[in-house]
Amino acid sequence: MYSMGGLAEYCVVPAHALAVLPKSLPYTESAILGCAVFTAYGAMAHAAQVRPGDAIAVIGIGGVGSSCLQIARAFGASEIIAVDVQDEKLQKAKFLGATHCVNASKEDAAKTIKEITGGLGVDVAVEALGKPQTFLQCVQSVRDGGKAVMIGLAQSGAKGEVDINHLVRRQIKVIGSYGARARQDLPKLIKLAESGIFNLTAAVSRTCKFEEAPQAYRDLDKGAIAGRAVVEMM
């Protein structure tokens with residue numbers, strides 16, 4: 001669908017990609033269940049396989065990254081470290097489940113993550129921005145045998161560098177994650193939201209009308225949206 005554009009009144013999707021939205025959930029905010037939350041769930045449940053007690057770092061607290069925080073909390077992570085360069089996003093991250101916040105523009109993110117975890121690093125680091133710098137931070141932040149999960153999409157041709165010896169000797173796993181499993185996972189996400197474990201209202205920071213969409217995209221490009229924005233089509 002990404003290749004065909006968006007903001008359409010109608011679209012054709014496979015039947016197994018649909019789920020019934022309970023009346024108890026807000027219509028507008030629930031739009032992110034099939035987007036940011038869907039991507040976050042796939043990363044945390046399948047790629048990272050987060051378990052209770054795990055230490056987690058999320059690098060890039062946008063729509064997907066902030067959803068990762070809530071999913072990590074739902075899965076019982078013990079330490080949830082949010083990393084971003086904007087204090088506003090980090091402040092909101094605390095409400096969404098972060099136990100620690102790191103402003104990467106003011107301190108060395110990987111070094112601080114190691115300090116928070118007693119010098120070990122996290123069990124799972126998630127890169128949710130798609131930048132070469134944050135790719136490297138993600139790999140550097142995990143403990144021996146840990147998982148560096150990449151979900152941020154980059155500009156075409158972007159390259160992420162890694163210290164090969166560090167990767168091999170520390171037995172670090174670098175895993176790409178792209179979405180989740182609609183038939184199995186979407187109903188689970190709806191239950192998480194319906195139970196209140198995943199807070200949809202807190203995840204959506206802005207709603208706008210169709211004619212306001214261009215400005216919303218410009219703000220998104222500038223990193224000016226803390227969380228997720230939803231365009232209301234009607």
Are [X] and [Y] grouped together when hydrophobic residues (ILVMFWY) are joined by side-chain heavy atoms under 4.5 angstrom apart?
| X | Y | answer |
| --- | --- | --- |
| L69 | I81 | no |
| I175 | L167 | no |
| L96 | L25 | yes |
| L120 | I113 | no |
| V58 | V142 | no |

Applying ring pair (Phe, Tyr, Trp, His ring centres under 6.0 Å), can you list everything that pairs with F38, at least two apart in sequence or on another chain? none
Close side-chain approach of [X] to [Y], heavy-atom, < 4.5 Å:
| X | Y | answer |
| --- | --- | --- |
| I56 | V122 | no |
| L7 | F210 | yes |
| M150 | V139 | yes |
| L153 | Y178 | yes |
| R228 | V37 | no |

If a pair satisfies side-chain hydrogen bond (donor to acceptor under 3.5 Å, both in side chains) and one of its residues is in [range], list it, with sequence neighbours excluded.
| range | result |
| --- | --- |
| residues 86-102 | D87-N103, D87-K106 |
| residues 189-204 | S24-E194 |
| residues 108-122 | E107-T112 |
| residues 62-77 | none |

In terms of heavy-atom contacts, does CD of E211 have more than 12 from other residues, nucleotides or ligands at under 6.0 Å? yes
More than 12 foreign heavy atoms under 6.0 Å from CD of Q133: is that the case here? no
If we ignore hydrogens and angles and just use 3.5 Å, is the side chain of [X] paired with the main-chain N or O of [Y] as donor and acceptor?
| X | Y | result |
| --- | --- | --- |
| K147 | A48 | yes |
| K159 | P132 | no |
| D123 | A55 | yes |

Using the side chain to side chain donor-acceptor pair (under 3.5 Å) criterion, which residues pair with [X]? Sequence neighbours excluded.
| X | value |
| --- | --- |
| T28 | E232 |
| D185 | H46 |
| R218 | Q215 |
| D163 | none |

Supply the atom-to-atom distance [X] [atom1] to [Y] [atom2], rounded to the nearest 0.5 angstrom.
| X | Y | atom1 | atom2 | result |
| --- | --- | --- | --- | --- |
| Y217 | I225 | OH | CD1 | 9.5 Å |
| F75 | D54 | CZ | CG | 11.0 Å |
| D84 | I59 | CG | CD1 | 10.5 Å |
| E79 | I116 | CD | CD1 | 7.5 Å |
| D219 | S205 | CG | OG | 10.0 Å |

Heavy-atom pair of closest approach, residues [X] and [Y]:
| X | Y | answer |
| --- | --- | --- |
| G63 | A36 | O-CB, 3.7 Å |
| A125 | C138 | O-SG, 3.3 Å |
| I151 | A128 | CG1-CA, 3.9 Å |
| Y41 | L192 | CE1-CD1, 4.3 Å |
| A98 | A82 | CB-CB, 3.9 Å |
| P26 | S30 | O-OG, 2.5 Å |

Residues that, via side-chain heavy atoms closer than 4.5 angstrom, fall in one hydrophobic cluster with L129: none
Going through the distances and angles, do V174 and V162 end up as a side-chain contact (heavy atoms from CB on, under 4.5 Å)? CA-CA 10 Å; V174 179; V162 63; 5.6 Å; no
With sequence neighbours excluded, residues passing salt bridge (Lys or Arg N to Asp or Glu O under 4.0 Å) with R181: none
Sequence neighbours excluded, the answer for side-chain contact (heavy atoms from CB on, under 4.5 Å) partners of A109 is V83, V102, A104, Q137
